[in-house]
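Let me begin by presenting the structure, written as C-alpha cells, before commenting on it.
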Amino acid sequence: MTVLLWGMVLALLIPIAVACRPSDVWHRLAAFASVATKVALIILVVSAVRGDPMLGLAGVIVLCAGNAGLLLLANLLRGTER
C-alpha cells in the first residue's frame, strides 16, 4: 500500500509541473482540477491505511466539493475574457 501511495504522489507532480509553466488559463485550471482530484484520492488511500473514517469523510467532501469551486472560477474567468 505504501508503494501505491508513493506512486500517487509521483503522479501528483505531473499536473503541478503543468500548472507552473506559463500557459493558457484553461490548461492551468485543468491542471488544478487534476491536482484536487488526486489529492482527494490520496486522502482516501491514507484513510484506508490508517482505518480513520473521519479522514475518509474529509476526502469525500474534498472530492465532491473541490471541483465546484474551480468551475465557478472558470465561469468567472470566462466572463472577464469577453
Side-chain angles (χ1 to χ4, degrees):
M1 199 60 113
T2 306
V3 174
L4 174 69
L5 190 61
W6 280 109
M8 291 174 78
V9 169
L10 287 175
L12 179 65
L13 295 176
I14 296 169
I16 291 174
V18 170
C20 290
R21 285 192 311 207
S23 62
D24 188 23
V25 174
W26 300 110
H27 289 127
R28 285 188 179 184
L29 281 175
F32 286 135
S34 178
V35 167
T37 303
K38 287 178 183 174
V39 167
L41 289 176
I42 289 173
I43 290 172
L44 288 174
V45 168
V46 169
S47 167
V49 169
R50 292 182 59 185
D52 189 3
M54 293 304 288
L55 191 60
L57 180 65
V60 168
I61 290 172
V62 168
L63 192 59
C64 293
N67 290 332
L70 282 171
L71 290 175
L72 290 173
L73 180 63
N75 283 331
L76 178 71
L77 286 174
R78 186 178 353 162
T80 59
E81 283 183 357
R82 290 182 189 175

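Side-chain atoms are counted along with the backbone in the values below, which use heavy atoms only and exclude waters and symmetry mates. Everything numeric here is computed off the predicted structure, so don't read it as measured data.
The hydrophobic clustering, which links ILVMFWY residues whose side-chain heavy atoms are closer than 4.5 Å, places V39 and I16 together. By the rule that hydrophobic residues join a cluster once side-chain heavy atoms approach within less than 4.5 Å of another member, L55 and L4 end up as members of one cluster. Placement of L63 and V35 within a single hydrophobic cluster is found when ILVMFWY residues are connected by side-chain heavy-atom separations under 4.5 Å, directly or transitively.
Of all non-hydrogen atoms in K38 and A11, the two that sit nearest each other are NZ-O, 3.3 Å. Heavy-atom minimum distance, P15 versus S34: CG-OG, 3.7 Å. Among all heavy-atom pairs drawn from P53 and G51, the shortest one is CD-O, 3.4 Å.
L57 is linked by a side-chain contact (heavy atoms from CB on, under 4.5 Å) to M54, I61, counting only residues two or more places apart in sequence or in another chain.
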Less than 3.5 Å apart, which donor and acceptor atoms pair up between the side chains of residues 40-49 and the rest of the protein, not counting sequence neighbours?
residue: S47; atom: OG; partner: D52; partner atom: O; Å: 2.6
residue: S47; atom: OG; partner: G56; partner atom: N; Å: 3.1

